[in-house]
Every structure is written in C-alpha cells, then in structure tokens.
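Just so you know, these numbers use all the heavy atoms, side chains as well, and skip hydrogens, waters and symmetry mates. Predicted, not measured: the structure shown is a model, and the values here were computed from it.
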Amino acid sequence: MSGLRVVPTWRHGQERLYVCLTDGRNIAWYDREAARINLLSEDRRDDVLTVLGPFLTGPVAVGPPPVPTPAELARLSLHPDDDLAPNRPGEALQIALDRDTGASHRMRRDPRRRALEAEQVVGDALDLLDGVGWHALHSVPLPGGDRIHHLLIGPGGLFAIHALYARKQRVTVADPLIAFGRRDPLPLLRHLRSTADCASYALTAEVHPLLALVAPTTVTVTVPPRSVRVLRDTELEGLARSGGVLKPADVEALHAMARDRRTWGRV
C-alpha cells in the first residue's frame, strides 16, 4: 500500500484532487480542467499515478508545478486579514445587521435589508462570470467609511458597481439624478463617478462606474448618464461578452492588487 489518499476540493468553481500523505501533507494535485498532475515529490511519481488512476479522464501532463506568476506570488504572500476575495456580497451590511439586534429593528423592516438583498442579487450574478475570465470583489472598503459594492475585473475592463434595490418600482434616470416613482430624485450618479475615480486612482487603471438596478418595473432615461452604465440585474451576464481591453495576465495582476485591503488605504 502506498499510504496515499485523494482529497477532492473546490476552488473558484473548479475541482482539484489533492494527493496527501498519512500526515496530511500534499505531494501532488490533479487539475482536471488543465489535464495536468502537478508533482511536488518526483520520487513518488508512480504511487501518485496509481492512486489517481480511477479519477483520470484522459491523457494528462505530469510534472512539477508551473512557476508562479507575479500575481500568484502576491496572492500567496497576502495575509488572510488583508484579503478581500472571501468577502460575501453585502459583507459590510450583513455584519452591521448581525451586530444590530435592537428591538426597533426587529419590530419594523430595516431598510438596510433591502439594500443587502440588492447587493446579494447583483453579487451572485457577478460571481457567475468567474468561469469566463472575470473576477468579482465585494464590499471593497474605502477610507472614510464608504465602500464599493462590487468591483468587477475582466477582459472587458474594470467596473465599480453600485447595487440599487428597485423591486416593482419605476426608475427615472436624469443625470446625475435617479428617481423612484414620485419620490424626490437623488444625485446618485455623481457619487458613482466619484467612487470609480477613487478606484482608478488606487489601481492606476481606468475603472468604469456602473449602476445595477434590481428588479425595476421600468427604467426611463430622460438625460443619458455621462460615463455611467445603467443595467438591470438580469443584464449583467452580458458583460461576459465584452473583451479586448485587458489581457489575462493584466486581469490577474489587477485582481491581485485589488483584493489587497492595503491598496485601498492609499486612496
């Protein structure tokens, strides 16, 4: 018996099969999508191939792991407390709501819960783009207590996305104002542009502001917004079809920079 065992894991929606020693140390892993077995110990090559045999789905390359890219090295050196990638959609709002258990919020609906729902709906839609070369970060903190709801990085560029709850409401866009039904309009688009400018400064790359409306009944544009895209949450998947702006290596490098909390402290 080789004493090796296979442990399946999932990362970014992709399965990896790790080969472990009895003490838990990894000596190899099989990346099914890349059709490659990465060996950390060449002297256990035959044992690794034997234990992985039932899991192989075709010809595979076998060899040492590829040399890490600068983006991968940055990720590996990032302290977990400074890594924003694990943030859930609406992370900051969820934490605030969990901490606030006052009776007043139990007796009536807290408006922050609708805002949280909007960020979760938009965040879930953006996370689906991960498999086609995009990365989404959620609740990116900015100095002064502000934050970017979602930062999307991919072949089509960078987008600072603000999620807005609009379920069963008529939305009117008249740059820089956004109005719901008959309520007084708010100068939200000005704030979006300012947030995107902060992100551009932090990342030294152009970041486009985008307003994502969650479940509106109608969207009417009377004054077209300058430099701000306005999309329904159901239209966000269309971003996957845009490209030609960033190369894969640039996407990974910008994602590595953006996920580092320290990057945003310099804004």
Could you check whether any side-chain heavy atom of [X] comes within less than 4.5 Å of a side-chain heavy atom of [Y], counting everything from C-beta outward?
X	Y	answer
Tyr30	Thr57	yes
Val60	Leu52	no
Trp264	Leu84	yes
Leu158	Leu246	yes
His138	Arg88	no
Leu189	Val173	yes

Euclidean distance, Ser41 OG relative to Leu4 CG, rounded to 0.5 Å: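 Answer rounded to 0.5 Å: 9.5 Å.
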
Leu164 side, atom CG; Leu211 side, atom CG - distance, nearest 0.5 Å: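 Rounded to the nearest 0.5 Å, the CG-CG separation comes to 5.5 Å.
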
Within the 3.5 Å criterion, strictly below it, is a donor on Gln120 or Asp124 matched to an acceptor on the partner's side chain?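 No - no donor-acceptor pair under 3.5 Å links their side chains.
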
Mind checking whether His135 and His255 have parallel, tilted or perpendicular rings, split at 30° and 60°?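 Answer is parallel, since the angle falls under 30°.
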
Answer yes when Asp47 and Arg44 have at least one side-chain N-carboxylate O distance shorter than 4.0 Å, and no when they do not.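 Salt bridge flag = yes for Arg44 with Asp47.
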
Apply salt bridge (charged side-chain N to carboxylate O under 4.0 Å, His left out) to residues Arg114 and Glu117 and explain how you reach the verdict. CA-CA 5 Å; Arg114 289 188 171 182; Glu117 179 183 339; over 6 Å; no

Can you see which heavy atom on [X] is nearest to which on [Y], and at what distance?
X	Y	value
Ala202	Met257	O-SD, 4.0 Å
Asp175	Arg226	OD2-N, 2.8 Å
Leu116	Gln94	CD2-OE1, 3.3 Å

Looking at Asn87 and Val140, would you say the former's side chain and the latter's main chain have a donor-acceptor pair under 3.5 Å?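 Side chain of Asn87 to backbone of Val140, a donor-acceptor pair under 3.5 Å: no, none is there.
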
Would you find a donor on one side and an acceptor on the other, under 3.5 Å apart, between the side chain of Thr220 and the backbone of Thr172?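 Looks like no, no N/O pair under 3.5 Å.
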
Using the rule side chain to side chain donor-acceptor pair (under 3.5 Å), only one of His149, Glu91, Arg147 pairs with Ser139; which is it?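 Only one option passes, and that is Arg147.
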
Please check if the number of heavy atoms outside Arg232 that lie under 6.0 Å from its CZ is greater than 12.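 Correct, the count exceeds 12.
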
State whether the number of non-hydrogen atoms from other residues, nucleotides or ligands found under 6.0 Å of Glu237 atom CD is greater than 12.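 Atom CD in Glu237 is not crowded, with 12 or fewer foreign heavy atoms closer than 6.0 Å.
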
Hydrophobic cluster of Val121, others only, ordered by chain and residue number, side-chain cut-off 4.5 Å: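 Val121 clusters with Val122, Leu126, Leu129, Val132, Trp134, Leu152, Phe159, Ile161, Leu210, Val214, Leu231, Leu236, Leu239.
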
